[in-house]
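Just below is one structure, and these are the notes that go with it.
All ligand and atom numbering here is 1-based and tracks the order in the structure.
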Amino acid sequence: MKLIILDRDGVINHDSDAYIKSLDEWIPIAGSIEAIARLSKAGWTVAVATNQSGIARGYYPLAVLEAMHTRLRELVAEQGGEVGLIVQCPHGPDDGCDCRKPKPGMLRQIAEHYGVPLSGIWFVGDSSSDLETARTVDCQPVLVKTGKGERTLAKGLPAGTLVFDDLAAVAAQLLT
Ligand SMILES: [Mg+2]
Ligand SMILES: [Zn+2]
């Protein structure tokens, strides 16, 4: 199967250092919904792995997070596509879980769900922790310049990282 895994904040929707705490604050980046739909319609399974420590911090409840993901699924469906498995880490940095990126737990969950090896799968993110997560499980690290991407780029990237302007450019590359 053709599987691609995406980070959420800064890749699919605009990020904020103050967290995305409500459905109103969840605003798609231009072209991202269309990119997911195009990939899906071309036979790609598009999964999502997102750190959501705002849950542990009490900034927003799980129901609000689920509403954002319902919105995402609806918007992609309107374009004729489908979003695959969405996995979230609701824990804080001190909780010692094995899912909070850069730990690879969420990517492993996705691979187990679909019964495929992670090796070589593209993991698209905007933060160093995303790229590190990808490297830990032998995924292909892919950086987009949206969200924190420009800042991440300035810090220097792991060898072999692919860089694109945004998710639309990632999709364009995969669909050529
Ligand atoms: Mg991000
Ligand atoms: Zn976790």
Side-chain angles (χ1 to χ4, degrees), residues 4-23 25-33 35-36 39 46-66 68-69 71-73 75-76 83-113 118 121-137 139-158 161-171:
I4 183 168
I5 306 175
L6 312 179
D7 170 42
R8 196 196 78 172
D9 298 332
V11 175
I12 300 173
N13 56 277
H14 291 283
D15 200 4
S16 165
D17 287 335
Y19 296 82
I20 306 299
K21 303 177 294 300
S22 69
L23 192 53
E25 291 172 357
W26 189 86
I27 300 164
I29 293 168
S32 70
I33 298 296
I36 295 169
L39 285 167
V46 183
V48 178
T50 179
N51 280 0
Q52 293 297 330
S53 68
I55 300 275
R57 298 175 208 265
Y59 295 164
Y60 47 90
L62 193 58
V64 166
L65 187 66
E66 283 168 356
M68 295 174 200
H69 295 167
R71 171 73 55 83
L72 168 61
R73 289 185 186 283
L75 291 173
V76 172
V83 180
L85 187 67
I86 300 176
V87 180
Q88 65 228 10
C89 166
H91 308 113
D94 302 324
D95 287 346
C97 72
D98 66 1
C99 42
R100 183 176 162 80
K101 295 175 284 185
K103 297 264 183 67
M106 289 191 285
L107 299 194
R108 292 210 169 107
Q109 254 181 278
I110 290 167
E112 270 168 36
H113 176 83
L118 278 170
I121 300 282
W122 284 27
F123 179 47
V124 183
D126 66 320
S127 299
S128 300
S129 66
D130 296 314
L131 305 176
E132 204 180 311
T133 309
R135 298 255 299 174
T136 301
V137 287
C139 283
Q140 167 65 53
V142 181
L143 179 77
V144 284
K145 294 185 193 172
T146 48
K148 300 185 173 81
E150 292 281 5
R151 271 190 264 168
T152 302
L153 189 59
K155 286 191 278 182
L157 305 178
T161 301
L162 300 175
V163 181
F164 294 92
D165 282 347
D166 55 17
L167 188 56
V170 173

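For the 3.5 Å distance criterion, the side chains of D9 and Q52 qualify, holding a donor opposite an acceptor.
Under the 4.5 Å side-chain criterion, counting only non-hydrogen atoms from C-beta, I121 is in contact with I5.
If you count the protein N, O or S atoms nearer to the Zn ion (ligand 2) than 2.8 Å, you get 4.
Rounding to 10 degrees, one finds that the Mg ion (ligand 1) sits at the corner of an angle of 100° between D126 OD1 and D9 O.
For D7, the N/O/S atom at the shortest distance from the Mg ion (ligand 1) is named OD2.
Pairs passing the salt bridge (charged side-chain N to carboxylate O under 4.0 Å, His left out) check and including a residue from residues 141-154, sequence neighbours excluded, read D15-K148, D17-R151, K145-D165.
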- Query: Would H91 and I55 count as a side chain to side chain contact (heavy atoms under 4.5 Å, CB included) if you check the C-alpha gap in whole Å, the side-chain angles of each, and the deciding distance to 0.1 Å?
  - Reply: CA-CA 7 Å; H91 308 113; I55 300 275; over 6 Å; no
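Counting non-hydrogen atoms of other residues, nucleotides and ligands closer than 6.0 Å to CZ of R57 gives a total above 12.
Between D130 and K101, at least one side-chain N (NZ, or NE/NH1/NH2) sits under 4.0 Å from a carboxylate O, which counts as a salt bridge.
Atom OG1 of T50 and atom CD1 of I12 lie 8.0 Å apart (nearest 0.5 Å).
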